[in-house]
Amino acid sequence: MFEQLSLIDHHCHGVVRRDLSLTALESHLTEAAVGSFASRIGLAVRRWCAPVLDLPAHAPAEDYVDRRTALGFDEVNARFLGAAGLHALCVDTGYTPEPILSPAELGALAGGPAYEIVRLEEVAESLHGAVTAGGFPDAFRSLLDTRCTAAVGVKSIAAYRVGLGLAAERPADTEVVTAAAHWLAGPARLADPVLQRFLIWCGADLGLPVQFHVGLGDADVDMRSCDPLLLTGLIRNLRVPVMLLHNYPFHREAGYLAQVFDNVYVDVGLATHNLGDRATVLVEETLELAPFTKLLFSSDAFGLPEFYHLSAVLFRRGLASVLGSGVSEGSWTAADADRLAELVAVENATRAYGL
Amino acid sequence: MFEQLSLIDHHCHGVVRRDLSLTALESHLTEAAVGSFASRIGLAVRRWCAPVLDLPAHAPAEDYVDRRTALGFDEVNARFLGAAGLHALCVDTGYTPEPILSPAELGALAGGPAYEIVRLEEVAESLHGAVTAGGFPDAFRSLLDTRCTAAVGVKSIAAYRVGLGLAAERPADTEVVTAAAHWLAGPARLADPVLQRFLIWCGADLGLPVQFHVGLGDADVDMRSCDPLLLTGLIRNLRVPVMLLHNYPFHREAGYLAQVFDNVYVDVGLATHNLGDRATVLVEETLELAPFTKLLFSSDAFGLPEFYHLSAVLFRRGLASVLGSGVSEGSWTAADADRLAELVAVENATRAYGL
Amino acid sequence: MFEQLSLIDHHCHGVVRRDLSLTALESHLTEAAVGSFASRIGLAVRRWCAPVLDLPAHAPAEDYVDRRTALGFDEVNARFLGAAGLHALCVDTGYTPEPILSPAELGALAGGPAYEIVRLEEVAESLHGAVTAGGFPDAFRSLLDTRCTAAVGVKSIAAYRVGLGLAAERPADTEVVTAAAHWLAGPARLADPVLQRFLIWCGADLGLPVQFHVGLGDADVDMRSCDPLLLTGLIRNLRVPVMLLHNYPFHREAGYLAQVFDNVYVDVGLATHNLGDRATVLVEETLELAPFTKLLFSSDAFGLPEFYHLSAVLFRRGLASVLGSGVSEGSWTAADADRLAELVAVENATRAYGL
């Protein structure tokens with residue numbers, strides 16, 4: 001009933017411009033070097049992605065890599081972006097460890113518009129070595145304004161740098177200058193709670209939704225400090241949409257925040273494809289408290305184009321399971337289900353980002 | 001098999017004495033101003049409450065409000081309290097932001113006895129401006145004793161004021177006097193960890209069960225400090241029943257406490273109607289570790305009479321699903337299921353409160 | 001399809017050498033004195049254990065105890081160990097509050113080899129009163145080396161003593177001596193974060209896997225400090241397998257660690273039999289992120305031989321449910337399922353411990 005639902009992917013990244021060996025593919029699937037294909041994510045790739053490359057479902061990993069190489073990365077990227085069924089994309093452009101596709105290229109392959117999400121830390125770090133501490137606040141505000149001319153939102157990776165236990169108040173410029181002096185005397189990597197808050201408030205001052213990395217990440221993250229409840233104070237003060245990304249295993253906590261705060265939206269990106277066919281449970285649990293007006297789709301795809309397709313398929317299945325079983329059990333009508341699906345698939349993102 | 005199970009609602013509140021507009025109804029359904037009817041709670045109202053007002057299940061929200069108004073609040077209150085199928089009620093009388101029904105009125109509509117639960121903070125705050133710091137400990141003990149003459153339990157909202165990370169020991173009167181001096185010099189709202197502990201111990205000294213708000217609440221709560229595990233030390237020292245209310249999303253943690261401490265009881269009130277038809281999962285997860293001798297029913301209904309009915313229906317369904325599927329899968333016998341249902345529905349509350 | 005799967009129980013204990021009254025049996029089932037047989041664990045004993053003693057499934061608890069006594073503990077131990085279907089056992093020998101079966105005796109009854117896991121704290125405490133603070137580091141290293149000659153791993157109960165919030169770095173011997181001086185001046189029970197870390201590093205220096213108690217425990221534990229995420233820093237530094245035991249209700253967090261760190265393995269022992277027939281959900285949730293190459297079976301059986309059998313039955317059912325439903329829903333092939341089952345049942349433990 002919802003197999004063809006077109007989705008807005010409100011948080012994603014570029015994909016690589018090269019062919020991948022089995023080892024390289026595995027290292028993109030999961031952080032650890034072993035077990036990728038003996039995990040739900042790897043099993044889901046074999047099930048859902050192999051057919052897109054003309055292989056039978058469940059083809060062995062070795063055959064999958066061979067076929068991928070035979071087609072070449074351009075074709076592989078095109079097939080998965082095309083198969084994803086996306087209405088539009090919001091691309092975080094702040095992480096480029098190697099050459100990856102631009103938003104425009106992603107949008108062309110996906111067949112829909114690609115908007116930009118500006119990563120706050122990347123903008124700030126571009127000023128390292130180029131400003132004085134005293135000049136940093138104005139320089140950042142000015143640069144962010146310029147960089148966001150065509151952007152629809154900003155992204156904070158405070159979770160990765162200092163954790164989400166941020167003070168609720170906007171820092172004064174004097175505090176920012178003091179913190180900047182300390183930062184500018186060291187390496188460019190920004191990891192300072194005062195500066196991180198300053199960046200967030202600057203994004204909010206532009207009236208843009210602020211995306212936060214929450215919960216699930218890689219081995220560099222301290223997951224204890226990625227609980228979305230840590231953001232409660234800041235959420236109370238910010239007047240723009242706050243987009244809580246990923247959230248697993250704190251997705252119920254995120255659902256609570258989406259229920260009680262008008263400006264909070266949630267997704268289950270990254271976790272969706274990591275959980276493979278089990279993603280349905282994730283959607284069910286998130287929608288316990290999160291209103292259907294507050295859940296969005298994202299893939300958080302990075303590197304592998306498979307993730308665009310896989311997340312979209314799995315999220316659609318999860319949403320269809322929730323909505324369809326609700327109809328069959330009498331929890332709501334089929335017309336209700338259609339309406340709720342539209343909200344989640346397209347309307348919530350359109351409204352929150354003003355697309 | 002359990003559709004007719006009569007329940008003791010061991011934690012609930014009064015309902016309002018006025019008709020409600022759509023906006024007012026929505027603001028009672030969820031804290032945030034948007035999305036109430038596009039949430040599980042709103043969808044559950046349309047499914048389960050509309051028929052009680054002679055509307056078809058799933059009637060639109062606008063029709064629902066019109067019908068509510070046409071019937072008038074007296075009739076609406078009577079219908080939902082009557083439909084709830086309650087054996088008895090334990091009413092928290094400490095929160096009255098507007099005129100609401102008294103325990104006696106609620107009991108009359110529900111067709112069962114209504115006992116009082118005295119809110120500790122409300123009693124203490126009634127002494128603000130009327131006592132000296134040095135006189136506070138005795139004055140509170142005396143007033144609480146009087147106020148609890150006919151009460152069956154007390155309630156602490158420490159979670160809302162200072163969080164549940166309370167020290168395990170009874171505070172000395174000298175500490176209490178010092179804290180009271182500070183409190184009496186400011187506004188009446190009590191939010192002091194020493195005083196909050198003192199209140200709890202005074203309730204326990206009367207031999208009364210102590211209810212604690214835990215987990216799920218509104219936008220004012222700091223959910224991080226509402227984890228029931230924070231109460232572990234205090235639980236070890238208190239010699240009266242400790243009633244952990246709500247608990248979601250920490251209901252598994254609450255279940256653990258109910259398993260390992262003889263004096264701990266749990267419920268899933270408030271969460272039950274917030275999760276709508278998904279409440280069954282909540283009951284299942286809570287009963288992973290919580291013995292059937294330790295789970296109670298509560299609605300935590302406040303304001304809307306719908307919540308009395310809705311919680312009772314959803315809790316009964318959840319319990320019936322757990323017990324019934326256990327029978328069909330061979331986990332226990334039908335006779336076991338009947339016995340376990342009686343414990344949860346009536347006997348546990350009767351025993352814990354000495355009703 | 002997996003009913004006959006032979007399992008390695010990688011974390012278990014001895015069982016008692018005496019007959020048990022109903023009260024004694026109940027006190028072994030759950031920590032609290034009431035509700036044991038009205039809990040999932042007690043209901044599971046009646047279902048799955050009664051037939052092993054020639055009683056019908058669901059026989060009343062009183063009949064069960066009578067039959068147990070009539071058979072005598074030797075026969076009861078033999079039946080349950082034999083029924084468990086174990087390939088091998090790894091027995092933690094560090095907890096002996098009363099005379100219990102040795103690893104060799106357990107292995108003989110189970111029909112497989114029994115390896116030893118040495119409890120770090122027990123080894124250290126045996127030195128209390130027998131060494132000076134200055135001599136403690138070398139004395140412990142030497143004694144641990146000797147005690148581990150035939151052992152396949154070590155076990156830390158830091159969770160019970162100081163919590164899992166341990167610093168990530170190896171403590172210097174000078175720090176250890178200072179901490180030891182403090183400890184040696186008091187009772188033998190070791191509860192010091194520096195010493196506890198020292199013990200862990202000494203185990204790792206022997207190249208042995210380190211087991212950690214995580215999550216679910218009895219009433220003595222502070223569950224807030226048993227979150228496996230607290231071990232993240234230490235996990236990054238240790239170069240040996242880190243075995244996260246129990247984990248509930250933090251099993252999803254444990255699954256994340258198993259996914260992103262090559263050296264992390266997880267189980268759901270103790271929780272498996274505590275959750276009874278609900279254990280299937282526990283296995284499902286753990287395997288959301290944990291690769292099939294990282295999940296192990298353990299019973300954490302202590303005292304009652306029933307737990308060996310019950311855990312094995314429930315874990316097999318849970319794994320069979322995950323793998324079997326995956327086949328029937330098309331998530332993977334039957335050949336995949338067979339391969340994944342072998343990994344979890346035997347191969348992961350064989351590889352991690354070098355059996």
Side-chain angles (χ1 to χ4, degrees), chain A residues 26-27 29-48 50-51 56-61 163 215-227 246-252 268 270-282 285 313-314 317 321, chain C residues 164-165 168 224-225 227-233 235-236 249-265 281 283-295 322-323 325-337 339-344 347-348 351-352:
Chain A
E26 286 179 311
S27 73
L29 285 180
T30 63
E31 183 84 359
V34 295
S36 293
F37 274 101
S39 301
R40 284 211 169 256
I41 188 172
L43 291 157
V45 164
R46 286 177 51 214
R47 175 182 192 178
W48 297 107
H58 312 301
L216 189 58
D218 59 32
D220 294 333
V221 88
D222 172 12
M223 274 268 270
R224 290 267 295 178
S225 63
C226 294
D227 184 337
H246 325 318
N247 293 304
Y248 183 92
F250 308 114
H251 46 289
R252 281 171 157 162
V268 287
L270 183 59
T272 306
H273 55 259
N274 270 280
L275 266 63
D277 287 2
R278 175 87 185 161
T280 294
V281 173
L282 181 61
E285 292 182 355
V313 167
L314 295 172
R317 282 180 93 227
S321 172
Chain C
L164 296 177
R224 289 268 293 179
S225 63
D227 183 337
L229 295 177
L230 288 165
L231 286 174
T232 306
I235 286 168
R236 286 198 187 102
F250 307 115
H251 45 289
R252 280 171 158 164
E253 284 84 345
Y256 153 78
L257 294 170
Q259 191 202 46
V260 300
F261 293 107
D262 274 332
N263 60 327
V264 172
Y265 295 77
V281 173
V283 177
E284 286 170 351
E285 291 182 355
T286 306
L287 283 167
E288 287 171 355
L289 286 191
F292 286 89
T293 51
K294 297 297 202 70
L295 178 67
V322 171
L323 293 175
S325 67
V327 173
S328 62
E329 291 163 15
S331 295
W332 43 73
T333 68
D336 290 331
R339 175 79 196 114
L340 299 171
E342 284 167 24
L343 287 168
V344 173
E347 290 187 30
N348 294 339
R351 177 175 12 95

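Each chain gets a letter, A, B and so on, in the order the sequences are listed, and its residues count up from 1.
At a 4.5 Å heavy-atom cutoff, the contact between A:Asp218 and chain C is made by backbone atoms alone. Contacts of C:Phe261 with chain A are made by both backbone and side-chain atoms, with heavy-atom separations under 4.5 Å. Residue A:Phe37 does not touch chain C at all, counting heavy-atom pairs closer than 4.5 Å. Proximity to chain C is limited to the side chain of A:Leu216, based on heavy atoms less than 4.5 angstrom apart. Neither the backbone nor the side chain of C:Arg339 has a heavy atom closer than 4.5 Å to any heavy atom of chain A. With a 4.5 Å cut-off on non-hydrogen atoms, A:Arg46 touches chain C through its side chain but not through its backbone. Residue contact with chain A, scored on non-hydrogen atoms closer than 4.5 Å, is absent for C:Asn263. Within the 4.5 angstrom heavy-atom criterion, atoms from both the backbone and the side chain of C:Glu284 approach chain A.
Residues C:Arg252 and A:Pro249 approach most closely at CB-CB, 4.0 Å, considering heavy atoms. Here the closest non-hydrogen pair linking C:Glu285 and A:Tyr248 is O-OH, 4.2 Å. Across all non-hydrogen atoms, the minimal contact from C:Leu287 to A:Arg40 is O-CG, 3.5 Å. In this structure, C:Thr232 and A:Val221 approach most closely via the heavy-atom pair CG2-O, 4.4 Å.
In terms of heavy-atom pairs under 4.5 Å with chain A, the best-connected choice from C:Ala258, C:Ser331, C:Pro291, C:Ala290 is C:Ser331. Comparing C:Thr293, C:Leu229, C:Leu343 by how many heavy-atom pairs each has under 4.5 Å with chain A, the most go to C:Leu229. Per-residue counts of heavy-atom pairs under 4.5 Å with chain C were compared for A:Ala271, A:Ala219, A:Ser39; the largest is that of A:Ala219.
C:Leu289 CG to A:Ile41 CD1: the interatomic distance, rounded to the nearest 0.5 Å, is 9.0 Å. Distance CD/A:Glu31 to CG/C:Leu257: 12.0 Å, rounded to 0.5 Å. Atom CD of C:Gln259 sits about 8.0 Å away from atom OG of A:Ser36, to the nearest 0.5 Å.
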- Start with the C-alpha distance between A:Thr30 and C:Val260, add both sets of side-chain angles, then the distance that settles side-chain contact (heavy atoms from CB on, under 4.5 Å), and finish with yes or no. CA-CA 7 Å; A:Thr30 63; C:Val260 300; over 6 Å; no
